[in-house]
Protein chains: 2
Amino acid sequence: MSLIFSRQCEYAIQSVLYLALKHHGEMTSIRELAQRLDIPYHFLGKILQSLTRKGLLLSHKGPAGGFALGMPPQDITLFHIVEAIDGTDFTRMCVFGFSECNDTNPCSVHEQWSVLREGVYQMLISKNIAAMAKDTKQPAFRIASGMSNVSL
Amino acid sequence: MSLIFSRQCEYAIQSVLYLALKHHGEMTSIRELAQRLDIPYHFLGKILQSLTRKGLLLSHKGPAGGFALGMPPQDITLFHIVEAIDGTDFTRMCVFGFSECNDTNPCSVHEQWSVLREGVYQMLISKNIAAMAKDTKQPAFRIASGMSNVSL
DNA sequence: AGGTATTCAGACTTATTTATCTGAAATATA
DNA sequence: TATATTTCAGATAAATAAGTCTGAATACCT
Ligand code: FES
Ligand code: FES
């Protein structure tokens with residue numbers, strides 16, 4: 001198989017986006033996220049904990065507890081999430097699997113790949129979560145796999 | 001971790017490229033490939049067998065046996081190799097992990113991703129192995145991880 | 001205070017990928 | 001024909017990723 005990001009990372013992106021659709025300060029439980037996004041409950045718990053430790057989310061225990069964004073949605077980009085879950089190795093990786101990817105000792109698709117990789121990076125930092133949430137409120141966009149749009 | 005292609009696939013690419021540097025019809029053993037490219041011997045054996053079954057390589061048993069390209073290097077692209085090892089699912093995958101990636105029900109980075117994905121596809125089909133082998137003969141390029149250039 | 005709903009922490013299981021081992025089949029060469 | 005060298009096939013093992021379970025800690029509510 002060949003992926004871009006790990007499944008954990010995909011779940012993390014979906015969850016943060018879902019939280020960004022909620023009103024400021026509103027708490028959302030793992031249960032709700034897991035149901036609505038079709039993510040295994042306990043697995044999601046772990047992922048949200050990681051994001052919380054990194055400061056991307058904040059959490060609160062007890063009834064009426066749950067998770068919410070840990071910083072303003074304007075300040076969160078996909079790159080933050082990817083960085084927190086998968087790390088940023090992909091910015092240094094060679095298509096051929098060679099150890100170091102650099103201009104002085106390139107493989108034969110290095111030039112093309114460098115451009116594409118920069119494109120991926122731009123995709124990850126250019127849009128913040130607030131903007132993506134706004135997109136997602138339009139009916140044409142979707143938050144979860146099957147669902148188009150979402151009613152919270 | 002986040003990768004583009006599986007490790008098997010990276011090994012496959014390196015191996016096919018190495019074989020393309022050999023004279024037409026020359027047989028290369030798993031042993032030589034494994035040593036020069038620093039790939040686990042038996043694991044590489046499996047991978048080369050897969051490529052052989054797909055017709056990308058041809059193999060011959062016995063002393064002076066080994067592997068060679070199964071078609072003219074001008075006709076082999078990276079896409080053939082990726083297709084044989086990892087499959088082509090990545091051409092249909094959504095960055096957010098949603099089930100179907102399409103224009104009618106997009107996620108909020110679908111537009112950017114579609115462009116990038118097409119770029120990856122072009123990278124994989126635009127250069128054939130013969131051209132890449134020619135690149136690799138220049139001292140600035142490298143065939144194996146540490147090695148710059150290669151003396152066969 | 002007591003009951004309930006939630007996150008948190010850690011051990012555990014399962015699935016997938018990567019890697020290894022063993023021996024059989026094929027083939028060149030002496 | 002005998003021997004050595006190679007690929008081939010299938011089982012096995014180790015490493016990593018994905019997912020599950022249990023109970024403790026925390027906080028709300030009556
Ligand atoms: S050296 Fe291979 S992609 Fe840069
Ligand atoms: S729908 Fe997400 S990348 Fe196409």
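Chain naming here is simple, since letters A, B, ... match the order of the sequence lines and numbering starts at 1 in each. Below, all heavy atoms of this structure are taken into account, side chains as well, without hydrogens, waters or symmetry copies. All of these numbers come straight from a predicted model, not from anything done at the bench.
- Atom CG of A:Asp75 has more than 12 neighbouring heavy atoms from other residues, nucleotides or ligands inside a 6.0 Å radius.
- Taking every side-chain heavy atom of A:Ser59 into account, C:dC8 is the closest of D:dT7, C:dT18, C:dC8.
- For the pair A:Ser6 and A:Ile85, the minimum side-chain heavy-atom distance is below 4.5 Å.
- Spacing between atom CG of B:Leu48 and atom C1' of C:dT18 amounts to 15 Å, rounded to whole angstrom units.
- A:Leu116 and B:Ile125 fall within a single hydrophobic cluster, where Ile, Leu, Val, Met, Phe, Trp and Tyr side chains are chained together by heavy-atom contacts under 4.5 Å.
- Side-chain N/O atoms of A:His60 include one lying less than 4.0 angstrom from OP1 or OP2 on D:dC28.
- In the set D:dT6, C:dT27, C:dT20, D:dT6 carries the atom at the smallest distance from any side-chain atom of B:Arg31.
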task = Decide side-chain hydrogen bond (donor to acceptor under 3.5 Å, both in side chains) for A:Tyr18 and A:Glu32; before the verdict, give the C-alpha distance in whole Å, the side-chain angles of both, and the deciding distance to 0.1 Å.
result = CA-CA 10 Å; A:Tyr18 189 94; A:Glu32 177 180 341; 2.7 Å; yes
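- When the nucleotides C:dT18, D:dA9, D:dA18 are ranked by their closest atom to the side chain of B:Gln49, D:dA9 comes out on top.
- Nearest-nucleotide mapping onto DNA chain D: of A:Ala64 and B:Thr52, the residue sitting toward the 5' end is B:Thr52.
- Proximity of a side-chain donor or acceptor of A:Arg117 to a complementary backbone N or O of A:Met93 within less than 3.5 Å is detected.
- Here D:dA9 is the nucleotide among C:dA5, D:dA18, D:dA9 with the atom lying nearest to any side-chain atom of B:Arg53.
- Among the nucleotides C:dT4, D:dG19, D:dC8, the one closest to any side-chain atom of A:Pro63 is C:dT4.
- At whole-Å resolution of the value, CZ in B:Phe43 and C1' in D:dT12 are 15 Å apart.
- Considering only side-chain atoms of A:Tyr11, the nucleotide from C:dT6, C:dA28, D:dG19 that sits closest is D:dG19.
- The separation between B:Glu32 atom CD and D:dT6 atom P is 11 Å, rounded to whole Å.
- Spacing between atom CE of B:Met27 and atom P of C:dT29 amounts to 13 Å, rounded to whole angstrom units.
- Comparing A:Pro40 and B:Gly62, the nucleotide of DNA chain D nearest to each residue sits closer to the 5' end for B:Gly62.
- Rounding to whole angstrom units, CD of residue A:Gln8 and P of D:dT20 are separated by 13 Å.
- With D:dT20, D:dT7, D:dA18 as the choices, the nucleotide that has an atom nearest any side-chain atom of A:Arg7 turns out to be D:dA18.
- The side chain of A:Tyr41 places an N or O atom within less than 4.0 Å of a non-bridging phosphate oxygen (OP1 or OP2) of C:dT7.
- Among the heavy atoms of the strands lying under 4.0 Å from A:Ile30 are primed sugar atoms or P, OP1, OP2 only; no base atom is included.
- Among the atoms of the strands shown, none is found under 4.0 Å from any heavy atom of B:Gly45.
- Under the side-chain hydrogen bond (donor to acceptor under 3.5 Å, both in side chains) rule, A:Ser114 has a single partner from A:Glu111, A:His110, A:Gln112, which is A:His110.
- Put simply, NZ on B:Lys61 is 7 Å from P on C:dT27, counting in whole angstrom units.
- Look at NZ on A:Lys46: it is 6 Å from C1' on C:dG10, rounded to the nearest Å.
- Relative to the side chain of B:His42, the nucleotides C:dT22, D:dG19, D:dC28 differ in distance, and C:dT22 lies closest.
- Separating the CG atom of A:Leu51 from the P atom of C:dT7 is a distance of 14 Å, rounded to the nearest angstrom.
- Heavy atoms of B:Phe67 sit under 4.0 angstrom from primed sugar atoms or phosphate atoms, though from no base atom.
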